[in-house]
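Report on the following structure.
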Amino acid sequence: MATEKISISLSSSLMRFIETYKNTHQHKSRSQVIETALQLLQQQELEAAYREANQEIDPDWEVTVADGLADETW
């Protein structure tokens, strides 16, 4: 996997949290902690998109799909 290096500024409390999390969860680096956090954020966004898409389902379509026609093969 190709990686890119970036520079970010964080508060002291966030840096302490990252360091503690790294040590507690046996991550190899602070970068790995941040990568984990970003993956969780990405997953959260994807789940929100799926929930939103699910709300767009048209109930009339569900009735049409179940219109009494059977998928029978003779």
Side-chain angles (χ1 to χ4, degrees):
M1 166 176 61
T3 61
E4 292 187 37
K5 188 172 185 174
I6 63 170
S7 174
I8 60 173
S9 298
L10 298 173
S11 66
S12 298
S13 62
L14 282 177
M15 286 302 297
R16 283 191 302 274
F17 174 79
I18 290 170
E19 195 63 34
T20 301
Y21 191 93
K22 178 180 76 91
N23 295 331
T24 304
H25 294 85
Q26 288 82 40
H27 283 332
K28 296 177 183 176
S29 66
R30 290 182 271 182
S31 292
Q32 192 176 25
V33 173
I34 293 170
E35 184 177 339
T36 299
L38 290 173
Q39 287 169 344
L40 289 170
L41 185 59
Q42 187 177 41
Q43 180 180 342
Q44 184 181 37
E45 289 290 312
L46 184 59
E47 288 171 359
Y50 276 119
R51 278 193 300 278
E52 184 179 327
N54 190 42
Q55 292 176 354
E56 295 175 2
I57 293 175
D58 184 357
D60 293 334
W61 171 254
E62 297 300 320
V63 171
T64 303
V65 171
D67 65 0
L69 297 177
D71 291 333
E72 297 178 13
T73 56
W74 301 94

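Worth knowing before you read on, the calculation uses all heavy atoms, side chains too, and leaves out hydrogens, waters and symmetry mates. Here the structure is a predicted model, which means the values were calculated and not measured.
The distance from atom CZ of Arg51 to atom CG of Leu46, rounded to the nearest 0.5 Å, is 10.0 Å. Leu38 contributes atom CG, which lies 10.5 Å from atom OG of Ser31 (distance to the nearest 0.5 angstrom).
With sequence neighbours left out, Thr24 forms a side-chain hydrogen bond (donor to acceptor under 3.5 Å, both in side chains) with no residue at all. With sequence neighbours left out, the side-chain contact (heavy atoms from CB on, under 4.5 Å) criterion links Ile8 to Ile6, Leu10, Ile34. With sequence neighbours excluded, the residues that form a side-chain hydrogen bond (donor to acceptor under 3.5 Å, both in side chains) with Glu47 are Gln43. Annotation: side-chain hydrogen bond (donor to acceptor under 3.5 Å, both in side chains) contacts of Gln32 (sequence neighbours excluded): none. Thr3 is linked by a side-chain hydrogen bond (donor to acceptor under 3.5 Å, both in side chains) to nothing, counting only residues two or more places apart in sequence or in another chain. With sequence neighbours excluded, the residues satisfying side-chain contact (heavy atoms from CB on, under 4.5 Å) with Arg30 are Met15, Ile18, Glu19, Lys22.
Between His25 and Tyr21, the ring planes lie parallel to each other; the angle is under 30°, not in the 30° to 60° tilted range.
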